[in-house]
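Values below: every heavy atom of this structure, side chains too, minus hydrogens, waters and symmetry copies. Proteins come first, then strands; the chains are lettered A, B, ... in the order of their sequence lines, and each starts at number 1.
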Amino acid sequence: MDTIQITLPDGSTRQAPRGTTPAEIARQISPRLAKEALVARVRVGAGGGVAGPTGMVSDSGELVELSRPLEQDTRLEILTDKNPESLEVYRHSAAHLLAAAVLELFPGVQFGIGPPIDYGFFYEFKREQPFTPADLESIEKKMRELAEKNIPNERKLLPKPEALKLYEQLGQPFKCELIEEKANEPMVSFYTTGKFIDFCRGPHIPSTGRIRAFKLMSVAGAYWKGAEGNAQLQRIYGACFYTQQDLDAYLHRLEEAKRRDHRRLGPELDLFSIQEEAGPGMIFWHPKGGLVRKLMEDWLRDELLKRGYDLVFTPHIMRLHLWETSGHTNFYKENMFGPVEVEKDKYQLKPMNCPGHILIYKSRLRSYRELPVRLAELGTVYRYERSGVLHGLLRVRGFTQDDAHIFCMPDQIEAEIEACIDFAWATLKTFGFDKYEVDLSDWDERVPDNYAGQPEDWRRATAALKNTLTRMGVPFRHMPGEAAFYGPKIDVKLIDAIGRPWQLTTVQFDFNLPGRFGLEYVGEDGARHQPLMVHRALWGSIERFFGVLIEHYAGAFPLWLAPVQVSVLPVSDKVADYAKQVTAKLKEAGIRVHLDDRNEKLQAKIRDAQMQKIPYMAVVGGKEAEAASVSVRHRSRGDSGPRPLETFVQDLLAEAAAKQV
RNA sequence: GCUGGCGUAGCUCAGUGGUAGAGCAUCUGAUUUGUAAUCAGAGGGUCGUGGGUUCAAAUCCCUCCGCCAGCUCCA
């Protein structure tokens with residue numbers, strides 16, 4: 001009898017006939033495991049890196065469905081819902097369940113792709129009529145019906161020509177296209193769920209009955225293969241988890257995100273507005289938002305000066321010619337507002353600050369002794385963003401970058417990049433973030449025409465960024481195709497209070513502009529050399545960072561950033577005089593204070609202060625007036641009883657000075 | 001920009017062809033209040049815009065503008 005050796009994760013081995021399936025092994029191990037098993041991981045060969053059962057080379061093993069016959073000695077791991085890796089498989093199967101349900105209800109539909117995503121799955125369909133919310137309901141109902149029937153997900157292999165013929169007969173042009181592109185072996189794998197048959201690499205969970213906790217979320221347009229100009233398909237999104245609790249937790253997170261939405265909180269807390277009359281993507285900073293911005297900027301300017309930057313200001317509109325020199329008219333045209341004609345000359349509203357800073361650098365001859373030159377500007381730029389991408393403060397058409405350009409010599413470059421990253425860490429810490437992700441965004445060498453500069457420039461620059469990150473011990477992901485047109489960059493994404501990533505900090509290498517503008521410095525050798533240039537922004541833009549802060553803090557800014565720090569609440573107008581004295585005293589100490597002397601009950605005043613997320617309330621009545629004290633209430637810690645006024649002032653000043661978050 | 005949805009008072013929303021509504025907010029008056037909403041009255045809308053259908057349009061049709069969810073793009 002032909003047998004193979006199966007090695008289990010605990011190191012034990014067992015002999016089994018060739019062609020045994022993981023499902024059978026699971027049954028042998030325990031009935032419970034057999035019941036809970038979703039998918040299997042196989043590793044073939046002791047050292048790994050050997051062709052696996054489907055010919056795929058892999059050393060981390062390959063996930064296969066439980067019914068796949070094992071053909072050679074292998075290490076085998078049976079995965080259940082305890083293994084996070086199997087969640088993708090489970091969601092992918094849920095996508096197939098969706099497609100199967102749609103096929104039942106709308107037989108003529110054409111299929112696109114249906115992968116798992118980070119909270120569930122989607123599947124794409126082409127159909128003349130749009131799917132309505134009512135359609136989604138009936139599709140979801142049908143999915144539950146099909147799940148109830150516990151239909152097996154079965155794998156089939158077909159020769160490629162037959163596969164193509166099958167899909168031609170079924171009227172599935174998108175699937176044919178996928179097979180043409182992706183199937184580079186003679187046999188093509190399919191998975192069936194009842195009547196639904198899908199060209200798919202798999203694997204899948206054994207049957208539809210295991211899929212329980214899901215909910216169809218939305219339908220949205222999506223281009224076939226994500227390319228504009230391709231056919232537009234309808235994409236149905238679903239959330240999907242192992243348990244109803246996980247699904248509920250996810251839906252709860254969505255509610256939480258809604259509660260924090262800066263587009264809602266901004267107007268509610270009177271921080272900013274966007275007005276249709278003025279145009280989309282244009283931000284109005286109201287007094288309270290303006291005050292927060294002032295506090296943010298104060299911190300930033302102080303840090304910039306401490307860290308050896310010089311502050312500059314440059315015009316908002318400059319000759320178009322400058323943008324031709326910089327290359328923006330070639331590479332950035334579709335993002336610029338159209339030029340304005342003045343005295344037969346064309347002027348361009350600036351989409352970036354770099355050329356302005358370059359002109360300052362070029363205004364006189366530079367010596368190697370003064371490098372690095374670090375020019376910083378809170379520079380307001382205007383970019384034409386397509387209407388569909390605008391989003392509150394996070395994606396706008398007019399914004400102020402906390403921009404800086406560093407001109408330096410090659411042997412200074414890594415230290416400068418390191419200093420930028422260190423500055424970014426200071427920002428994260430000051431504003432209360434403790435998690436982040438880092439991407440190294442490189443060019444896509446397959447389309448060099450989309451970029452300025454030579455291949456060797458790109459390789460050298462990317463190496464410098466990579467070295468610095470490695471030396472600093474910062475983990476990062478390499479992202480080809482994500483670079484700016486003028487150079488590779490390091491992007492820092494910070495993770496907010498509810499786990500969402502936001503891309504803010506960017507440190508960009510630029511070997512394009514120094515050459516185009518003929519930048520020089522006189523070296524130690526008396527000869528002229530070209531400086532390197534780094535373009536960096538910590539917050540990205542003040543607008544975007546402010547939006548992120550609003551959501552991170554859910555509108556409840558820490559004391560040092562709160563536009564109103566204390567609301568003084570007189571119990572009745574009998575103590576109006578004392579309330580005014582308290583207010584004046586706080587104001588004198590530099591505390592941002594508001595006196596709520598409305599003819600309202602204390603409870604109503606407290607409620608309004610709470611809703612405005614004011615950090616402290618100072619309740620004053622007869623007792624407090626008697627004792628020169630205030631009764632202190634904090635927006636989240638509640639009533640902490642009476643405190644001498646003088647102590648309260650000192651406590652506030654200390655907390656604000658410490659920038660406690 | 002593309003696909004779909006939406007647009008009624010400052011805000012949240014009801015109103016499916018027949019005289020524009022509610023709660024909150026605002027204003028006025030009363031009340032003098034002790035840790036998350038005191039009571040009463042008043043004012044406020046050419047129903048996003050422009051056109052069309054109809055005796056009659058918030059309601060049906062078309063145009064444009066804006067917003068929302070995605071796609072694509074991005075600080």
Starting at atom CG of A:Asp135, determine the distance to atom P of B:rG4, rounded to an integer number of angstrom. 14 Å
Whole-Å gap separating P (B:rU3) and CD (A:Gln110): 18 Å
For B:rG7, give its Watson-Crick or G-U wobble partner with both distances under 3.5 Å, or none. B:rC65
So, applying side chain to side chain contact (heavy atoms under 4.5 Å, CB included) with A:Cys420, which one of A:Leu538, A:Val492, A:Val507 is it? A:Val507
Rounding to an integer number of angstrom, what distance separates B:rU16 and B:rU59 when you compare their C1' atoms? 6 Å
P-based separation of B:rC61 from B:rU53 [nearest Å]: 15 Å
Does A:Ala604 reach a base, just sugar-phosphate, or nothing at all? Heavy atoms under 4.0 Å. sugar-phosphate
For nucleotides 70-75 of chain B, just jot down a letter per nucleotide in 5' to 3' order: B, S or -, based on protein non-hydrogen atoms under 4.0 Å. BBBBBB
Ion pair check, A:Glu543 and A:Arg293, cut-off under 4.0 Å: yes
So does A:Glu416 pair up with A:Arg536, basic N to acidic O under 4.0 Å? no
Could you please name the partner base of B:rC47, counting Watson-Crick and G-U wobble pairs only when both distances are under 3.5 Å? none
Across the strands shown, which category fits A:Gln610 at heavy-atom distances under 4.0 angstrom: base, sugar-phosphate, nothing? base
Does B:rA36 pair with anything, Watson-Crick or G-U wobble, both distances under 3.5 Å, and if so, with which nucleotide? none
Using purine N1 to pyrimidine N3 plus N6-O4 or O6-N4 for Watson-Crick, or N1-O2 and O6-N3 for G-U wobble, both under 3.5 Å, which nucleotide pairs with B:rG1? B:rC71
Considering every strand and a 4.0 Å limit on heavy-atom distances, what is the contact class for A:Lys623: base, sugar-phosphate, or nothing? base
Tell me: NZ of A:Lys258 to P of B:rU12, nearest whole Å? 12 Å
Regarding A:His391, tell me which of base, sugar-phosphate or nothing describes its non-hydrogen contacts under 4.0 Å with the strands shown. sugar-phosphate
Rounded distance in Å between the C1' positions of B:rG43 and B:rC27: 7 Å
Ring of A:Phe399, cation from A:Arg397 - is the NZ or CZ under 6.0 Å from the centre and inside 45° of the axis? no
A:Gln612 CD to B:rU35 C1', straight-line distance once rounded to whole Å: 18 Å
Should the heavy atoms of other residues, nucleotides or ligands under 6.0 Å from NZ of A:Lys580 be counted, would the total exceed 12? no
Can you check the A:Lys574 NZ to B:rU33 P distance for me, whole Å? 4 Å
If you draw the axis of the six-membered ring of A:Phe121, does the NZ or CZ of A:Arg91 fall within 45° of it and under 6.0 Å from the ring centre? no
Both distances under 3.5 Å, Watson-Crick or G-U wobble: report the partner of B:rA25, or none. none
Check whether A:Phe423 forms a cation-pi arrangement with A:Arg307 (NZ or CZ under 6.0 Å from the six-membered ring centre, at most 45° off the ring normal). yes
Give me the distance, rounded to whole Å, that separates B:rG10 from B:rU26 when you measure between the C1' atoms they each carry. 8 Å
Do A:Tyr250 and A:Phe241 make the cut of ring centroids closer than 6.0 angstrom? yes
A:Ile606 has an atom CD1; how far is it from atom P of B:rU33, in whole Å? 16 Å
Between P of B:rA36 and CG of A:Asp639, the distance in whole Å: 9 Å
Length of the CD1-C1' vector between A:Ile614 and B:rU35, whole Å: 15 Å
